[in-house]
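Just so you know, residue 1 is the first one in the sequence shown, and it goes up from there.
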Amino acid sequence: GLIADYFTAWRNQSVDTVRSIFTNDAVLDEKPGIERPLHGKEAITQYWVDHPLQQKNIFVNVEQVAYGPNLAMCMFGGNFNTPKQHIDIQGAFYFYIDSHTQKIERLVQQFTTNKTPHV
């Protein structure tokens, strides 16, 4: 359910859903090894306000999902528009789940993008 909830939140741009599926001290590692991870639900919520909420015409498709103990991994692909660009995206997300709360305690994102200007 958490993976479906995350992608539904993205498609529907629902900050409320994001708040409900992450632990208070969750970590979002959007660009591992490139940028510092975000720490805490409030930082993750602000990231959503600054990034996903700026996206329009969001299409995202979960292609494969695998589960392990307290871990879910998925491959995905999709595209969306930002105010200045059209972005094609594909990659993998790794959801680490808190066994007590059944919420996301860490999300590691690995993806590639192809950005083209709007015409």
Side-chain angles (χ1 to χ4, degrees):
L2 285 176
I3 290 176
D5 290 346
Y6 181 86
F7 282 98
T8 298
W10 188 5
R11 289 180 192 105
N12 296 333
Q13 298 178 305
S14 174
V15 173
D16 290 338
T17 300
V18 169
R19 284 190 181 113
S20 73
I21 62 175
F22 283 91
T23 63
N24 289 334
D25 59 349
V27 175
L28 171 60
D29 200 351
E30 181 196 21
K31 296 180 181 173
I34 297 171
E35 293 181 3
R36 296 177 68 99
L38 299 173
H39 293 271
K41 189 188 308 190
E42 292 310 312
I44 294 168
T45 300
Q46 188 59 50
Y47 165 84
W48 270 68
V49 169
D50 294 341
H51 297 283
L53 291 188
Q54 305 305 311
Q55 300 168 356
K56 303 294 179 216
N57 303 318
I58 299 167
F59 169 78
V60 64
N61 186 42
V62 177
E63 298 166 357
Q64 297 179 21
V65 180
Y67 298 94
N70 300 324
L71 174 66
M73 301 162 283
C74 72
M75 304 291 292
F76 73 96
N79 58 70
F80 53 86
N81 294 322
T82 66
K84 296 182 180 181
Q85 298 175 315
H86 174 79
I87 299 176
D88 293 305
I89 186 169
Q90 64 180 36
F93 287 172
Y94 302 86
F95 297 85
Y96 296 85
I97 312 303
D98 178 270
S99 59
H100 177 68
T101 64
Q102 293 300 300
K103 293 184 178 190
I104 302 166
E105 64 182 356
R106 183 178 187 89
L107 173 56
V108 178
Q109 301 179 348
Q110 295 182 317
F111 58 88
T112 60
T113 58
N114 181 33
K115 300 176 183 180
T116 54
H118 288 293
V119 284

Side chains of Leu2 and Tyr6: closer than 4.5 Å at any heavy-atom pair? no

Gln13 side chain to Gln55 backbone, donor-acceptor under 3.5 Å: yes

Just how far is it from atom CD of Gln90 to atom CD of Glu63, taken to the nearest 0.5 Å? 7.5 Å

Test side chain to side chain donor-acceptor pair (under 3.5 Å) applied to Tyr67 - qualifying residues, sequence neighbours left out: none

From CG (Asn57) to CD1 (Ile87), nearest 0.5 Å: 12.5 Å

Under a 4.5 Å cut-off applied to non-hydrogen side-chain atoms, are Thr112 and Ile89 in contact? no

Pick one: which of Asn81, Asn114, Thr116 meets side chain to side chain donor-acceptor pair (under 3.5 Å) with His86? Asn81

To the nearest 0.5 Å, what is the distance between CD (Gln54) and OG1 (Thr82)? 9.0 Å

Separation between CD1 of Ile44 and CD of Glu30, rounded to the nearest 0.5 Å: 11.0 Å

For the side-chain contact (heavy atoms from CB on, under 4.5 Å) test, which of Ile3, Leu71, Val108, Val65 pairs with Phe95? Ile3

Audit row: Tyr94, Cys74, side-chain contact (heavy atoms from CB on, under 4.5 Å) steps and yes/no: CA-CA 7 Å; Tyr94 302 86; Cys74 72; over 6 Å; no

My understanding is that only one of Gln102, Glu105, Arg106 makes a side-chain contact (heavy atoms from CB on, under 4.5 Å) with Thr23; could you say which? Glu105

Looking at Gln64, I want to see if its CD is surrounded by more than 12 non-hydrogen atoms of other residues, nucleotides or ligands under 6.0 Å. no

Side-chain (Thr101) to main-chain (Lys103) donor-acceptor, under 3.5 angstrom: yes

Are Met73 and Val60 connected into the same hydrophobic cluster when the rule is that any two of I, L, V, M, F, W, Y join if their side-chain heavy atoms are below 4.5 Å apart? no

Euclidean distance, Tyr47 OH relative to Leu28 CG, rounded to 0.5 Å: 6.0 Å

Sub-4.5 Å side-chain heavy-atom contact between Leu53 and His51: no

According to a hydrophobic-cluster definition based on side-chain heavy atoms being under 4.5 Å apart (Ile, Leu, Val, Met, Phe, Trp, Tyr only), do Ile104 and Val62 belong together? yes

What's the spacing between Glu42 CD and Asp25 CG if we round to 0.5 Å? 12.5 Å

Student check: side-chain heavy atoms of Asn70 and Tyr96 closer than 4.5 Å: no

Please work out whether the ring planes of Phe111 and Phe93 are parallel, tilted or perpendicular, with thresholds of 30° and 60°. perpendicular

Under 3.5 Å, is there a donor on one side chain and an acceptor on the other for Thr8 and Asp5? no

Indicate whether the side chain of Asn12 and that of Ser14 have a donor and an acceptor atom separated by less than 3.5 Å. no

Linking I/L/V/M/F/W/Y whenever their side-chain heavy atoms sit closer than 4.5 Å, directly or via other members, would Trp48 and Ile58 fall into one cluster? yes

Below 4.5 Å, heavy atoms only, C-beta onward: do Pro52 and Phe80 meet side chain to side chain? no

Is Phe22 linked to Val27 within one hydrophobic cluster, defined over Ile, Leu, Val, Met, Phe, Trp and Tyr using a side-chain heavy-atom separation of less than 4.5 Å? no

Does some side-chain heavy atom of Lys31 sit less than 4.5 Å from a side-chain heavy atom of Gln109? no

